[in-house]
Amino acid sequence: MFVANGNYLKLPGDYLFSTVASKIAAYCEEHPEKAAGIVRLGIGDVTQPLAPSVIRALHKAVDEMADASTFRGYAPDLGYDFLREAIVAHDFTAHGALVSPEEVFVSDGAKSDSANIQEIFAADSRIAVCDPVYPVYVDSNVMAGRTGTYDKATGLWSDVTYMPCTCENGFAPDLPDPDAGISLIYLCFPNNPTGAVIDKPHLQAWVDYANEHGAVIIYDAAYEAYISDPSLPHSIYECEGARSCAIEIRSFSKSAGFTGTRLGYTVVPSDLKDAQGTSMRDLWARRHGTKFNGAPYIVQRAGEAVYSPEGQSETAAQIAYYMENARIILSGLREAGYEVSGGENAPYIWLKTPAGLSSWDFFDSLLDTVQVVGTPGSGFGPSGQGYFRLTAFGSRESALEAVRRIKLM
Ligand code: MLT
């Protein structure tokens, strides 16, 4: 008789956003009259249409696929040169960061890359994660059997090092104890879920720590496009020495509205070598070649269009739209007396639940009383208990309406 992968059986409950979706579905079934009026600021899913230049590129590429002379089959393993060259020029060279196209691996998005990247590291590698954290980093390591046992009472895995991000430390993790023997450090800035940011000196300290202690930083920069403060780093490769200790993951989902279109990339520098001198870039190339057949040609052309002058100004306008939502939510909640953070160089607003309510109790009360949906902070880790995340990715009407209703509570 076949046997299921026991690591999967260790996962407590469903994926966070699936749980939230089921709760909303159950509420709608019970209260069909209220279903249409629900304001959804839970999952960070964009709501603005793709930029006109992206749509034009998609149409053009679709037409190419209809003609034998321009038709494309499998994409090159690492992605098309036209896209990788545009990525390097705009996302790295323009910020003074050294990355070459051979180090850029185009994919179908940052979620899958951030889940899969752990595969190229030893099974007994110890991971360190922020708490709260984007659940994919931990869950993918649970599936790989790397996290030990789960303690239901604390919500912690025995073999994971947690780096609490609380209001006391400004939601910025402290460097882990060097004796903890950490191999992989997951960092995400601007942060999901807290909306916290990191400045260059602090990011440099992480890079120095990783180089000194033989660790690798998996740097999730999916939200870098939301940085407006010019002093903040967009890429970890803006730090000295990052090429020998960091992998960076990027997404077109939030920077250009590709959540449904699917496009992202990961940078694995050729300088990143393990203790035996193994090139992690070559391992990721091997994995990519074996397990992935490339993002669709038409989507890679759409990604290229994001870097055109029109694409840049159109996507900047989308980002400005979402950041105005963030401003509305942030200031509205402050006026209503909530303790809030994030939302300034990030599309997430992190609020402390009122009257000591647990994150899920606040979720239920918000849904029941005013039909507003957010994401319970505890779903991102134990230090998220008593917090709640709202996204700025809704429509303007949703942002205004959510604030109006929350003020009525
Ligand atoms: C979130 O809401 O945290 C994100 O939308 C999840 C994701 O990007 O996969």
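Just so we're clear, the structure is a prediction, and the values are computed from it rather than from any experiment. Order of listing sets the numbers, starting from 1, for every ligand and every atom in it.
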For P233, which of H202, E238, H95 qualifies under side chain to side chain contact (heavy atoms under 4.5 Å, CB included)?
E238
Distance alone, cut at 3.5 Å: any donor-acceptor contact between the side chains of D368 and Y27?
no
Check each atom of ligand 1 against the heavy atoms of I43 and keep those under 4.0 Å away; list them by number with element.
2 (O), 5 (O)
Under 4.0 Å from a heavy atom of N192: give me the atoms of ligand 1 that qualify, with their elements.
1 (C), 3 (O)
Of all the atoms in ligand 1, which lie at a distance below 4.0 Å from a heavy atom belonging to G44?
1 (C), 2 (O), 5 (O)
Sequence neighbours excluded and cut-off under 3.5 Å, please list the side-chain donor-acceptor pairs for residues 245-258, or say none.
from, atom 1, to, atom 2, distance (Å)
E248, OE1, S235, OG, 3.0
E248, OE1, I236, N, 2.7
E248, OE2, S235, OG, 3.4
E248, OE2, R250, NE, 2.8
E248, OE2, R250, NH2, 3.0
R250, NH1, E224, OE2, 3.4
R250, NH2, H234, O, 3.3
S251, OG, S253, N, 2.8
S251, OG, S253, OG, 3.3
K254, NZ, G44, O, 3.3
K254, NZ, Y223, OH, 3.0
S255, OG, S251, O, 3.2

Just to confirm my output: which protein heavy-atom neighbour is closest to atom 9 (O) of ligand 1, and how far is it?
Y134 OH, 2.6 Å
Within 45° of the six-membered ring axis of F292 and under 6.0 Å from that ring's centre, is NZ or CZ of R287 located there?
no
Sequence neighbours left out, what passes side chain to side chain donor-acceptor pair (under 3.5 Å) with E102? Give chain and number order.
S100
Ligand 1 to Y348, heavy atom cutoff 4.0 Å, flagged ligand atoms 1 (C), 2 (O), 3 (O), 4 (C), 5 (O)
Can you pull out the closest protein heavy atom to atom 8 (O) of ligand 1? Residue, atom name and distance to 0.1 Å, please.
K254 NZ, 2.9 Å
Is the shortest distance from a Lys or Arg side-chain nitrogen in E103 or R281 to a carboxylate oxygen in the other one below 4.0 Å?
no
Per-atom filter on ligand 1: closer than 4.0 angstrom to a heavy atom of F17 are 1 (C), 2 (O), 3 (O)
